[in-house]
Peer 1: 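The structure's right below; bear with me while I get my questions together.
Note on naming: letters A, B, ... go to the chains in the order of the sequence lines (proteins, then strands), and numbering restarts at 1 for each one. Please read all numbers here as calculations on a predicted model, not as lab measurements.
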Protein chains: 2
Amino acid sequence: MSVGRETRLSAWIERFAAHFAEEGIPLIGGRILGYLLVCQPTERTAAELSQELEASSGSISTNLKFLVNAGLVTKRTRRGRQAAQYRINEKRWVDLIQRKLDALVSVRELTEAGMRLMSGDPERAMRLRAVDDLYTWLATELPAVWERRPASSR
Amino acid sequence: MSVGRETRLSAWIERFAAHFAEEGIPLIGGRILGYLLVCQPTERTAAELSQELEASSGSISTNLKFLVNAGLVTKRTRRGRQAAQYRINEKRWVDLIQRKLDALVSVRELTEAGMRLMSGDPERAMRLRAVDDLYTWLATELPAVWERRPASSR
DNA sequence: TCGTGCCTTCAGTGCCGACCGAAGTGTCGG
DNA sequence: CCGACACTTCGGTCGGCACTGAAGGCACGA
């Protein structure tokens, strides 16, 4: 007996969420992202997400707020008593990656500050310089690469 | 009255450790790294680290084991009753960065798997494809950049 | 103005990881 | 064989974060 597509999709969502959980995004937040990337139709209310992902309304609310704030999810309100609809904002995924790269490159500011404290003692600075050189290289290369990213992602 | 270099260095070590704490490295582990990058002489025993960083012997032991295992710190044993000496292994710092980049690129495997589950429904796959395209681009560009890294870091 | 549904807020709970320090292990010199 | 020292291991504690669910607030229709 074969496994249905939706079942395999839930498993995929779980793996997806697990990956981002390792990067500090709450499990439920990751599930929301994964779900909104593949659900049909593309928009869901908070109540639907709560039921579909088996999470409390509070958790859904908190995580949606976080994701909307990060720009990854868009909230669409409707007049009347109708619940707001949420959908993925995949255009903003670049921001997520950019933050990652920025965090990496920003170490250079630390190593530079350390190097300044070491000025006048090149012998002692040797170890830090090796690390500083690495981040300096990263800080010059990565932004250049980033600028060449395909137009479709802007 | 001016602040001594060693005092400013402790403050720097603390900032250094704080940064890597955000990336999941325990505070004490980060302090050890920062300290071993700038201390003079370059080698320290576990007992010295414990005193200098005001951390318990247990924490120092656990974190040193972790760092030695990661290749970032080298343990040098000495015969007799003499304590082992630890020093930074700055050559291996590239590995740390590579793991970071790998983690970023590895998301592509997830998005690819998701795309496969979506095959036959291009309409529904549109959102995921935007994200998949991004990671596919990253997965082709970043390794190429990495290969061009300066010889001094190999 | 009242009722109704949706959402957010918040106090409470549980869990996990970092840290401590004492006990244990191993190794060496005497 | 014993004492001494360095290091590791491990039970216990603490703090912080994710999550829950109920209570509260808000917006609308009647």
Peer 1: Measure CD/Gln51(B) against C1'/dG21(C) and give the value in whole Å, please.
Peer 2: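 Those two atoms, CD and C1', are 17 Å apart.
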Peer 1: Classify Ile28(A) by what it touches in the nucleic acid, base, sugar-phosphate, or nothing, heavy-atom distance under 4.0 Å.
Peer 2: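 Sugar-phosphate only.
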Peer 1: Rounded off to whole Å, could you give me the CG-to-P distance for the Leu53(B) and dA18(C) pair?
Peer 2: 17 Å
Peer 1: Indicate yes or no: at least one non-hydrogen side-chain atom of Tyr86(A) is less than 4.5 angstrom from one of Thr45(A).
Peer 2: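 In short, these two side chains do not touch, never coming nearer than 4.5 Å.
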Peer 1: Could you state the CD1-P distance from Ile60(A) to dG21(D), rounded to the nearest angstrom?
Peer 2: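 In whole Å, dG21(D) P and Ile60(A) CD1 are 12 Å from each other.
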Peer 1: What is the distance, to the nearest angstrom, from the CZ atom on Arg76(B) to the P atom on dA6(D)?
Peer 2: 16 Å
Peer 1: What's the separation between atom NZ in Lys100(B) and atom NZ in Lys100(A), rounded to the nearest 0.5 Å?
Peer 2: 4.5 Å
Peer 1: Toward the 5' end of DNA chain D, which comes first, Arg31(A) or Arg78(A), by nearest nucleotide?
Peer 2: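 Closest to the 5' end, via its nearest nucleotide, is Arg31(A).
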Peer 1: What is the distance, rounded to the nearest whole Å, between atom CG of Leu49(A) and atom P of dC6(C)?
Peer 2: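 Rounded to the whole Å, the gap is 14 Å.
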Peer 1: Verify whether one side chain among Thr7(A) and Ser10(A) offers a donor that lies under 3.5 Å from an acceptor in the other.
Peer 2: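 No, no side-chain donor-acceptor pair sits under 3.5 Å.
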Peer 1: Atom CG of Leu37(B) and atom CZ of Arg124(A): how far apart are they, to the nearest 0.5 Å?
Peer 2: 11.5 Å
Peer 1: Looking only at side-chain N and O atoms, does Ser59(A) come under 4.0 Å of OP1 or OP2 in dA18(D)?
Peer 2: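 No.
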Peer 1: Is there a side-chain contact between Tyr35(B) and Leu49(B) (heavy atoms, below 4.5 Å)?
Peer 2: yes
Peer 1: Atom CG in Leu138(B), atom CD1 in Ile97(A): separation rounded to 0.5 Å?
Peer 2: 5.0 Å
Peer 1: Pick base, sugar-phosphate or nothing for Leu27(A), based on heavy-atom distances below 4.0 Å to the nucleic acid.
Peer 2: sugar-phosphate
Peer 1: Going by side chain to side chain donor-acceptor pair (under 3.5 Å), Gln85(B) matches just one of Arg44(B), Glu43(B), Glu48(B). Which one?
Peer 2: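 Of all the options given, the one that passes is Glu43(B).
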Peer 1: I need the residues from residues 12-26 of chain A with at least one non-hydrogen atom less than 4.0 Å from DNA chain D; give them sorted by number, or say none.
Peer 2: Pro26(A)
Peer 1: Given dT20(D), dC7(D), dT9(D), which nucleotide is nearest the side-chain atoms of Ser56(A)?
Peer 2: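 Of the candidates, dT20(D) comes closest.
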Peer 1: Does OP1 or OP2 of dT9(D) have a side-chain N or O of Lys65(B) closer than 4.0 Å?
Peer 2: yes
Peer 1: Between dA6(D) and Lys75(B), is there an OP1 or OP2 to side-chain N/O distance shorter than 4.0 Å?
Peer 2: no
Peer 1: Using a 4.0 Å heavy-atom cut-off across all strands, classify Phe66(B) as base, sugar-phosphate, or nothing.
Peer 2: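 The answer is nothing, as Phe66(B) stays clear of every strand by at least 4.0 Å.
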Peer 1: Can you classify the ring geometry of Trp93(B) versus Phe20(B) as parallel (below 30°), tilted (30 to 60°) or perpendicular (above 60°)?
Peer 2: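 Plane angle over 60°, so perpendicular.
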Peer 1: Can you identify which nucleotide, out of dC7(C), dT8(D), dT8(C), has its nearest atom closest to the Ser61(A) side chain?
Peer 2: dT8(C)
Peer 1: How long is the line joining CD of Glu48(B) and P of dA6(D), in whole Å?
Peer 2: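 Checked: the CD to P distance equals 10 Å.
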Peer 1: Which of these nucleotides, dC7(C), dT20(D), dC19(D), is closest to any side-chain atom of Asn63(A)?
Peer 2: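 Looking only at side-chain atoms, Asn63(A) lies closest to dC19(D).
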Peer 1: Rounded to the nearest angstrom, tell me the gap between atom CD in Gln82(B) and atom P in dT27(C).
Peer 2: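 So the two atoms are 17 Å apart, to the nearest Å.
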Peer 1: Taking the side chain of Ala55(A) as heavy atoms from C-beta outward, which of dC7(D), dC19(D), dT20(D) is closest to it?
Peer 2: dT20(D)
